[in-house]
Amino acid sequence: MNTILLREKAQLMRRLIMQSIAEAGSGHPGGSLSLAEIMSYLYFFQAKLHATDPLCPERDRIILSKGHTAPVLYAALAAKGYISEAETLTLRKLGSRLQGHPDMRKLPGVEMSTGSLGQGLSVANGLAMGLRLQGKPNKVYAILGDGELQEGQVWEAAMTAAHYKLTNLTAIVDYNGLQIDGHTSAVKRVEPLADKWQSFGWQTVTVDGHSFTDLYRGFHTERDGSPLVVIARTVKGKGVDYMENVADWHGKAPSREQARQYAEMLGVSKDAG
Amino acid sequence: MQAKLEATRDAYGRALLTLGETRPDMVVLDADLSKSTKTAGFAAKYPERFFNIGIAEADLMGTACGLALAGFKPFASTFAIFATGRAYDQVRNSVTYPRLPVVIAATHAGLTVGPDGGSHQSIEDIALMRVLPGMQVWVPADGEEAYQMILAAATVESGPVYVRLGRQPVPRVSPEGYAFVPGTACVLGEAAPVAIIACGVMVDASLQAARLLQEQGIRSQVINMSSIKPLDKSLLASVAGRCELIVTVEEHLVAGGLGSACAEALAANKARPPHLMIGVEDRFGQSGEPQELLAAYGLTPERIASRILQALAQ
């Protein structure tokens, strides 16, 4: 695992997240930024993906159930080379393939249209069942938010995955502790997270979601025949100091100037175009 | 014509067994109702391709989507009230928005569920499903048509299909040699001054009503509009051009169902006769035997015929 490469890709994604949301004038930076290392780790190390073909039939599948953080998905697809960096600046514009929430019919590389929270894990289950039925070795990864765990369908799906022993499925919880209205502990407590998943029949591992070596450890947990959830402790808004751990940046766009300053700070002054 | 009765849900079960044989890519999902929805036969014969998701209709729809993404042809079944109500957002956002080729085969639709009562009688499902962009909505009138619809649904790749199935055995109304084609209505008689457009169990009731009208010297033509979406608009236009009265009859709310779909299609038509919309008015169902309920809600042949006579007298 080349952590230097993974770090570079995560930083590239952060720059694209900031620039694309600033250009759009709306969007969700906080929960996009908290996923940068996780997405870098998945797209550039863990998942088996084709170098140039996002629809290669032999690929692993990554479903972003927390669809409002589409900017980090588009940034990952751009970092992967599936779309251009320039296209990320069309986020949320009329006619763009980069819809406010991911649309699989518009953009190849988006595995499933998501956005209405709580629905992605069920879809990931079905994919995992289907791939297993076909005898394919491919893995399915489903990325959920911690606030999203308040949706009841997540727990229906958690039961299903355990019942069907979907060992080719890994869920990732972006555990940043914040949702639109504030701390998850204040809005509606989701803890104890590991206990909840375990009681639903899952294997759990808790990792630092910004550490590649810790993510590696989590994703390489020895499997016991159950589905695995990687509970990734993260910082919402990670990498942009004034956004870190501030719930107000859940769904507020930075200005173009803030995006430019951020890119400069990263030492990447080159324009996305 | 065969005299034997068959519920459309039983025909669904038969069709699944046929598809199980011919379509190795086909899978069936249920939400703990497989004996009632008649998916149990498929489950017994093809257990590896059957997934019981338990009492979790939202999860049922999402799981079906995942199987579709993996390249399978999923049939997702539960009662109509749950498929279209409980799981509405999943059907909208996970199934229909990404145009996934999931077949939602929902049974126990309408008042004729009977004693389970109003909480279980879906009288709004046609409305809920037909407003979804790209969703096809089919309502079979008898077992033969239901069987054909399920085989047809298995070939649809462009997006989802909602098939509304019933609990009660119904007589065959489809003519010999009938072939269901989406978007094509089945005309069950000669052109006449009154057109009775019906779907589901109301097709047979309408045929009986037409016989009652005949006894009074009133000629009517019954049309089985089983494909509510896509709708047979060209047939509707020609019917509107030659009729004195259009009647729609459905075991569904008047609001939003077959009658509304026809009215929308005809609204801009210059030569548009009056349109009598027969269905459930703005109220829920209740417990009772199916025939008692149809009588209580004005959906018997006698009541259909008398309302048509009233409309003609106006």
Side-chain angles (χ1 to χ4, degrees), chain A residues 55 57-63 65 67 99-107 110-136 138-142 151-166 168-169 200, chain B residues 20 23-32 46-76 78 82 86-104 132-134 157-160:
Chain A
L55 295 177
E58 302 314 313
R59 72 193 185 279
D60 289 348
R61 314 295 177 101
I62 301 167
I63 291 182
S65 188
Q99 291 291 294
H101 293 80
D103 183 338
M104 63 172 280
R105 292 300 184 186
K106 289 205 161 57
L107 186 62
V110 172
E111 295 288 1
M112 175 64 187
S113 303
T114 53
S116 181
L117 290 175
Q119 302 192 19
L121 188 57
S122 298
V123 179
N125 285 345
L127 252 173
M129 290 167 172
L131 293 169
R132 184 168 73 180
L133 196 52
Q134 288 160 337
K136 290 188 175 172
N138 300 95
K139 306 281 191 276
V140 181
Y141 301 97
E151 290 279 7
Q153 188 186 348
V154 172
W155 301 102
E156 295 182 2
M159 252 189 271
T160 300
H163 180 80
Y164 284 96
K165 299 185 169 58
L166 299 178
N168 54 348
L169 170 74
F200 275 77
Chain B
R23 290 284 300 263
D25 63 328
M26 175 262 213
V27 293
V28 178
L29 301 92
D30 207 300
D32 193 40
Y46 304 101
E48 73 289 348
R49 286 193 278 149
F50 176 79
F51 300 94
N52 202 327
I53 304 300
I55 309 166
E57 293 78 13
D59 191 35
L60 169 82
M61 295 303 171
T63 310
C65 290
L67 282 155
L69 290 175
F72 287 92
K73 180 69 185 176
F75 284 69
T78 178
F82 307 130
R86 183 59 173 256
Y88 192 74
D89 188 39
Q90 288 72 20
V91 171
R92 183 197 191 278
N93 277 316
S94 284
V95 176
T96 315
Y97 181 58
R99 303 196 299 276
L100 292 175
V102 174
V103 180
I104 300 169
L132 293 174
E157 301 294 330
S158 56

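Just so we're on the same page: letters track the sequence lines, and every chain starts at 1.
Between the CG atom in Asp59(B) and the CH2 atom in Trp155(A) there is a gap of 13.0 Å [rounded to 0.5 Å]. Residue Asp89(B) holds its CG atom at 8.5 Å from CD of Glu151(A), rounded to the nearest 0.5 Å.
Between chain A and the options Leu60(B), Leu100(B), Val27(B), the largest number of non-hydrogen pairs under 4.5 Å is found for Leu100(B). Of the listed residues (Thr160(A), Val140(A), Leu133(A), Thr114(A)), the greatest number of heavy-atom pairs within a distance under 4.5 Å of chain B belongs to Leu133(A). With respect to chain B, the highest number of heavy-atom pairs below 4.5 Å among Gly115(A), Ala157(A), Ser122(A) belongs to Ser122(A). Counting heavy-atom pairs under 4.5 Å between each of Ile63(A), Leu131(A), Asp103(A), Asn125(A) and chain B puts Asp103(A) at the top. Between chain B and the residues Lys106(A), Met104(A), Gln134(A), the most heavy-atom pairs under 4.5 angstrom are made by Gln134(A).
Using a 4.5 Å cut-off between heavy atoms, Asn52(B) touches chain A through backbone and side chain atoms alike. Residue Ala124(A): no heavy atom, backbone or side chain, is found under 4.5 Å from chain B.
The heavy-atom pair separating Ser94(B) from Val123(A) by the smallest distance is OG-CG2, 4.3 Å. The two residues Gln153(A) and Gln90(B) have their closest heavy-atom pair at OE1-NE2, 2.7 Å. Minimum heavy-atom separation, Asn93(B) to Gln119(A): CB-OE1, 4.1 Å. Minimum interatomic distance between Met112(A) and Pro98(B) (heavy atoms only, all atoms of both residues): CE-CG, 4.0 Å. Scanning both residues, Glu57(B) and Glu156(A), for their nearest heavy atoms gives N-OE1, 4.2 Å. A pairwise comparison of heavy atoms in Tyr97(B) and Ser113(A) identifies CD2-CB, 3.9 Å as the closest pair.
In this structure, Arg49(B) places its CZ atom where more than 12 heavy-atom neighbours from other residues, nucleotides or ligands lie under 6.0 Å away. Within a 6.0 Å radius of CZ in Arg59(A), other residues, nucleotides and ligands contribute more than 12 heavy atoms.
Within the 4.5 Å cutoff, no side-chain heavy atoms of Glu111(A) are placed close to those of Leu69(B).
The backbone N or O of Arg99(B) lies less than 3.5 Å from a partner atom in the side chain of Arg105(A), making a donor-acceptor pair.
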